[in-house]
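FYI, side chains are in, hydrogens and waters are out, and symmetry mates aren't considered; it's all heavy atoms of this structure. Note on naming: letters A, B, ... go to the chains in the order of the sequence lines (proteins, then strands), and numbering restarts at 1 for each one.
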There are 2 protein chains.
Amino acid sequence: MSLRHAVLGLLSEEGSASGYDLMKLFDVSLANVWPATQSQLYSELGKLAEAGLIDVSAEGPRGRKEYTITEKGRAELRRWLTEVEPTRVVRSDMLLRVFFLGRLSPEEAKAYLSTQAQLARKQLEHLESIRGVVEGGSGNLSTYGRLVLEYGHRLARSQQEWAEWAEKQIG
Amino acid sequence: MSLRHAVLGLLSEEGSASGYDLMKLFDVSLANVWPATQSQLYSELGKLAEAGLIDVSAEGPRGRKEYTITEKGRAELRRWLTEVEPTRVVRSDMLLRVFFLGRLSPEEAKAYLSTQAQLARKQLEHLESIRGVVEGGSGNLSTYGRLVLEYGHRLARSQQEWAEWAEKQIG
DNA sequence: ATAGTCATGTAATGAGTTACATGATTGC
DNA sequence: GCAATCATGTAACTCATTACATGACTAT
């Protein structure tokens with residue numbers, strides 16, 4: 001149910017936008033915490049319009065439809081932000097594998113954890129590299145996006161440290 | 001595609017088990033990193049048997065079917081552990097909301113983060129409380145489960161610290 | 001003209017959730 | 001006898017992924 005709110009949120013920040021615009025915005029912001037595909041996005045826009053949470057406010061060339069959030073949509077966004085508590089569902093096939101490392105030799109198990117540590121380091125570097133870029137933004141999305149970026153940073157560091165620690169626990 | 005491997009993994013550790021057995025095992029171990037419902041589990045067992053990755057090795061009272069992993073299944077588990085790289089797809093509606101905190105008043109935004117910090121603290125306490133229980137286990141699942149538990153612990157602590165930090169960032 | 005980008009959609013399939021349905025066996 | 005637990009399954013629905021399909025406009 002969250003893609004729906006992601007779209008409402010973006011529209012509430014942007015004023016109005018087409019599916020195409022939203023898709024690009026998605027890719028550089030929300031995709032990191034809530035991936036979605038193009039086809040999912042378009043069908044969600046259809047459903048939101050049907051439900052009266054957004055309106056087609058203008059049509060442009062190439063069948064472009066510009067959507068705007070309605071009052072009803074704004075209310076729903078607010079309700080979601082303040083009243084619906086986040087579901088903490090974590091799915092990690094990286095951790096799932098850890099449960100079964102006993103099926104491998106200690107060397108193989110260590111190699112697995114070592115790879116994970118390395119990937120976390122890479123991720124850390126990557127996040128540091130985009131930190132500078134995001135620093136420049138000034139809207140709400142950038143301001144709060146920085147908080148999310150910091151979260152990612154801390155997460156990657158934890159992950160790296162954990163993987164290094166875990167490797168030492170074996171054998 | 002991971003539930004399939006979760007089941008194979010459990011069966012490879014347990015020797016043999018019924019859907020019902022696996023379900024209970026799931027709830028106390030893997031459910032934290034890969035939740036699954038009863039109906040999902042049963043239908044996955046059907047598909048695995050069909051694909052020849054597991055066999056019905058015995059039938060008991062109440063229609064109980066005991067499954068055992070086959071050589072083919074073991075090979076597939078090993079392949080997944082050593083060759084398939086974990087997909088790092090993170091979905092967090094908790095973080096998704098952060099992007100849109102600008103739609104709320106600073107007080108409301110702070111309240112949101114403060115609640116998240118508190119939830120992380122609770123989670124941390126919870127994990128500490130079960131640490132003693134898990135300490136006792138001796139099989140592979142327990143041994144490696146402890147590594148996963150430690151991960152959860154570190155994650156919860158990071159989350160708590162981040163939420164407290166983020167709260168301070170808001171004017 | 002033609003490459004690049006803008007722009008929207010459909011179809012098929014798989015994964016996940018919720019609710020329902022049914023009944024046998026065991027322990028007290 | 002009855003409650004608890006064991007035990008398996010189906011149906012309907014939503015969400016997510018991948019691939020396909022189509023075409024208009026813009027800048028050079």
Side-chain angles (χ1 to χ4, degrees), chain A residues 1-8 10-11 14 16-28 30-51 53-54 56-67 80 84 87-93 96, chain B residues 1-8 10-11 14 16-28 30-51 53-54 56-67 80 84 87-93 96:
Chain A
M1 259 324 225
S2 288
L3 176 58
R4 143 159 298 189
H5 298 100
V7 172
L8 287 175
L10 284 182
L11 276 177
E14 294 296 304
S16 68
S18 68
Y20 193 82
D21 295 339
L22 291 174
M23 213 184 78
K24 280 189 301 174
L25 245 180
F26 234 87
D27 287 344
V28 298
L30 312 189
N32 299 296
V33 303
W34 204 271
T37 59
Q38 175 256 35
S39 69
Q40 228 185 323
L41 219 171
Y42 278 104
S43 81
E44 194 62 50
L45 283 169
K47 285 184 226 159
L48 280 165
E50 179 120 6
L53 301 176
I54 63 178
V56 177
S57 53
E59 305 206 19
R62 282 164 293 204
R64 175 189 173 94
K65 290 183 213 161
E66 208 160 75
Y67 293 96
W80 176 72
V84 183
T87 59
R88 53 188 70 263
V89 178
V90 186
R91 270 205 167 84
S92 166
D93 63 335
L96 184 56
Chain B
M1 260 324 226
S2 287
L3 176 58
R4 144 159 298 189
H5 298 100
V7 171
L8 287 175
L10 284 183
L11 276 176
E14 294 296 304
S16 69
S18 67
Y20 193 82
D21 295 339
L22 291 173
M23 212 184 80
K24 280 189 301 173
L25 244 181
F26 235 86
D27 287 344
V28 297
L30 312 188
N32 299 296
V33 303
W34 204 272
T37 58
Q38 176 255 38
S39 70
Q40 230 185 321
L41 219 171
Y42 278 104
S43 81
E44 194 61 52
L45 283 169
K47 286 184 225 159
L48 281 164
E50 180 120 6
L53 302 175
I54 62 177
V56 176
S57 54
E59 306 205 19
R62 281 165 292 206
R64 174 189 173 94
K65 289 183 213 161
E66 209 160 73
Y67 293 96
W80 176 73
V84 182
T87 59
R88 53 188 70 262
V89 178
V90 186
R91 270 204 167 87
S92 166
D93 64 334
L96 183 57

For atom CG of Leu41(B) and atom P of dT10(D), their distance in whole Å: 15 Å
Winner on side-chain proximity to Ser18(A), out of dA7(C), dT18(C), dT25(C), is dA7(C)
Evaluation steps, side-chain contact (heavy atoms from CB on, under 4.5 Å), between Asp93(B) and Val89(A): CA-CA 9 Å; Asp93(B) 64 334; Val89(A) 178; over 6 Å; no
Please report, rounded to the nearest Å, how far the P atom of dC6(C) is from the NZ atom of Lys65(A). 19 Å
For Glu44(B), is there any backbone N or O sitting under 3.5 Å from a side-chain donor or acceptor partner on Arg4(B)? no
Indicate, with a heavy-atom threshold strictly under 4.0 Å, whether Arg4(A) touches base, sugar-phosphate, or nothing. nothing
Just how far, in rounded Å, is P of dT17(D) from CG of Leu3(A)? 10 Å
How long is the line joining CE of Met23(B) and C1' of dT8(D), in whole Å? 11 Å
Which is more 5' along DNA chain C, the nucleotide nearest Gln40(B) or the one nearest Asp21(A)? Just name the residue. Asp21(A)
Gln38(B) atom CD is separated from dT18(C) atom P, nearest whole Å, by 13 Å
CZ of Phe26(A) versus C1' of dT17(D): gap in Å, rounded? 15 Å
Is the phosphate of dG16(C) approached by Arg91(A) (side-chain N or O, under 4.0 Å from OP1 or OP2)? yes
Nearest-nucleotide pick for Tyr42(B), side chain only, options being dA15(C), dA7(D), dT8(C): dA7(D)
Atom pair distance, as rounded to whole Å: OH in Tyr20(A) and P in dG9(C): 15 Å
Residue pair Ser43(A)/Pro61(A) against DNA chain C: nearer the 5' end by closest nucleotide is Pro61(A)
Between Leu11(B) and Ala17(B) the two heavy atoms that sit nearest each other are CD2-N, 3.7 Å
Expressed in angstrom and rounded to an integer, what is the separation of Glu44(B) atom CD from dT17(C) atom C1'? 15 Å
Between dT8(C), dT8(D), dA7(D), which nucleotide gets closest to the side-chain atoms of Arg62(B)? dA7(D)
State whether the side chain of Ser57(B) and the backbone N or O of Glu66(B) hold a donor-acceptor pair below 3.5 Å, judged by distance alone. yes
Base dT18(D) to side chain Ser39(A), donor-acceptor N/O within 3.5 Å cut-off: yes
Taking Arg91(A) for its side chain and Val33(B) for its backbone only, find out whether a donor-acceptor pair lies under 3.5 Å. no
Closer to the 5' end of DNA chain D via nearest nucleotide, is it Val89(B) or Tyr67(B)? Tyr67(B)
